[in-house]
Amino acid sequence: MPKSNGNDCTCRLANEVGQLKVIVNAQSRTLAKLVRQMKEGCKKDEEAKESTLCGLNPCLKCLQPDILYHLGLSTDTTDFPKVFGDVRFVCMGGTPGRMENFAYYVMQEIGLKINAATKLRNISEAGQRFSLFKVGPVLCASHGMGCPSISILLHELIKMMYHAKCKDPVFIRIGTSGGIGVEPGTVIITSEAIDGRLNPAHEILVHGVSVQHASQLDESLADEIKMCHDPCKDTYEAVIGRTLCAHDFYEGQSRLDGAFCEYTPEMKKTYLEQLQSQEVKNIEMESLAFAALTSRANIRGAVVCVAILNRLNGDQIKTPHEVLSKWEKRPQELVARYIRKTLYYNKNDDDSEQPEDETEGAAAGTGAGAGDTQKAPAEEAE
Ligand code: R2B
Ligand code: URA
């Protein structure tokens with residue numbers, strides 16, 4: 001009906017104007033801060049800045065240079081504080097393509113732009129293992145599959161944060177998972193990661209001896225991300241729950257469709273029902289290492305995964321690819337909203353149009369454009 005269309009349109013425009021106002025106000029504050037720093041000189045400020053990470057290897061400061069082998073970066077050829085010092089969010093997901101798309105999406109969501117003739121550069125291209133894109137204060141990295149892979153990436157990203165003297169970076173994994181008793185398409189935000197024995201710890205062997213690191217995740221961060229879900233507008237559910245982290249997709253997740261299977265459908269049913277009774281909402285393959293390594297470094301971390309099937313109903317993923325790629329965007333959407341809110345929300349935006357002098361955290365690092373770019377080949381230019 002024309003009347004309701006008109007109302008919808010006015011409502012949408014008002015919403016967009018409101019959101020733009022918030023971004024413009026935050027950018028004005030950053031500009032004011034930069035101008036003041038220029039006037040006062042920011043040297044003293046920079047010298048005092050150290051990373052907020054804790055519990056790291058005491059030998060790191062002696063490594064000159066420190067070579068982040070799998071990222072293809074070294075402290076003697078890259079000025080870490082200059083290139084990465086403004087990073088506040090490190091987002092990671094399984095595949096290079098998904099993280100490149102996420103980088104462009106987050107760029108748009110936080111109001112940054114790059115020249116149409118350029119494209120985001122994969123900063124880790126030389127390492128040939130992971131992809132890494134930087135969009136203002138957001139780093140987007142691919143982590144591959146499983147704890148050994150994400151663990152290598154995390155060691156090197158944590159060292160990067162240390163060398164870059166980053167303050168309170170937040171790490172978030174976005175990905176897919178198998179749901180336990182949830183509707184496919186549901187987003188699960190992990191409260192704690194557990195192993196196949198339901199033990200909340202990441203076990204590693206050091207010198208042949210088992211060492212266990214706790215795998216709790218930041219409760220308040222999980223709540224903040226959950227609050228970015230709008231139950232009235234979003235057509236899917238978002239829940240907080242425990243996540244089982246398996247070291248394999250098939251036998252480790254009690255599937256009946258692997259190349260090998262030495263248990264019965266009844267044993268599988270009993271195991272999955274036991275998980276459900278213990279508030280486990282999903283199964284994936286990286287949360288243990290992610291939770292353990294971030295919390296050891298005093299980094300707030302969150303794991304946000306969409307369930308692409310309900311494991312109580314089967315093992316094979318039969319959902320069409322178009323539907324899967326829509327579902328994969330859901331964790332990205334919530335995380336982009338969280339980043340946007342953290343960067344730009346200021347209580348005065350609700351009642352004031354005046355850009356403030358300075359607000360700690362607002363739009364920090366967004367002043368200089370989107371980030372690391374390269375000229376796009378003609379056919380790739382957008
Ligand atoms: C989710 O999906 C991948 C396996 O298909 C794995 O990386 C994970 O955690
Ligand atoms: N990823 C997993 O690890 N398990 C699933 O069932 C689906 C995605």
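Positions are given from 1, in the same order as the sequence printed here. Keep in mind that this is a model prediction, so the values were computed, not measured. One-based numbering, in listed order, for ligands and for the atoms of each.
Considering only non-hydrogen protein atoms, atom 3 (C) of ligand 1 sits nearest to Met145 SD, 4.0 Å. With respect to atom 9 (O) of ligand 1, the closest heavy atom belonging to the protein is Glu286 OE1, 2.5 Å. Closest protein heavy atom to atom 2 (O) of ligand 1: Thr176 OG1, 3.3 Å. With respect to atom 4 (N) of ligand 2, the closest heavy atom belonging to the protein is Gln253 OE1, 2.8 Å.
Close approach of ligand 1 to Glu284 (heavy-atom distance below 4.0 Å) involves ligand atoms 9 (O). Interface of Leu309 with ligand 2, defined as ligand atoms under 4.0 Å from a residue heavy atom, comprises 6 (O). Short contacts between ligand 2 and Gly178, defined as distances under 4.0 Å to a heavy atom of the residue, involve ligand atoms 4 (N), 5 (C), 6 (O), 7 (C), 8 (C). Residue contact check: Ile283 has heavy atoms under 4.0 Å from atoms 2 (C), 3 (O), 4 (N) of ligand 2.
Ring orientation note: the planes of Phe84 and Phe80 are nearly perpendicular, at an angle over 60° on the 30°/60° scale.
In this structure, the ring of Tyr236 has its center less than 6.0 angstrom from the ring center of His229.
The shortest separation from a heavy atom of Gln253 to ligand 1 is not under 4.0 Å, leaving the residue out of contact. Residue contact check for ligand 2: Asp315 places no non-hydrogen atom closer than 4.0 Å to it.
Note: Gln216 CD to Glu219 CD = 9.5 Å, rounded to the nearest 0.5 Å.
A donor and an acceptor atom, one from each side chain of Ser142 and Thr95, are nowhere located under 3.5 Å apart. In summary, the side chains of Asn199 and Gln212 do present a donor paired with an acceptor at a separation below 3.5 Å, with no hydrogens or angles considered. Of the N and O atoms on the side chains of Asn282 and Thr243, at least one donor lies less than 3.5 Å from an acceptor on the other residue. Between the side chains of Glu273 and Thr270, no donor N or O sits under 3.5 Å from an acceptor N or O. Side-chain polar atoms of Glu237 and Thr186 form no donor-acceptor pair below 3.5 angstrom.
Below 3.5 Å of separation, one finds an N or O of Arg173 facing an N or O of ligand 1. Geometrically, ligand 2 and Glu284 share no nitrogen or oxygen pair separated by less than 3.5 Å.
Only the backbone of Ser177 comes within 4.0 Å of ligand 2, judged by heavy-atom distances.
Judged by the 6.0 Å and 45° rule, Arg255 forms a cation-pi pair with Phe249.
Among Arg311, Met145, Arg255, Met285, the residue whose heavy atom lies nearest to atom 6 (O) of ligand 2 is Arg255.
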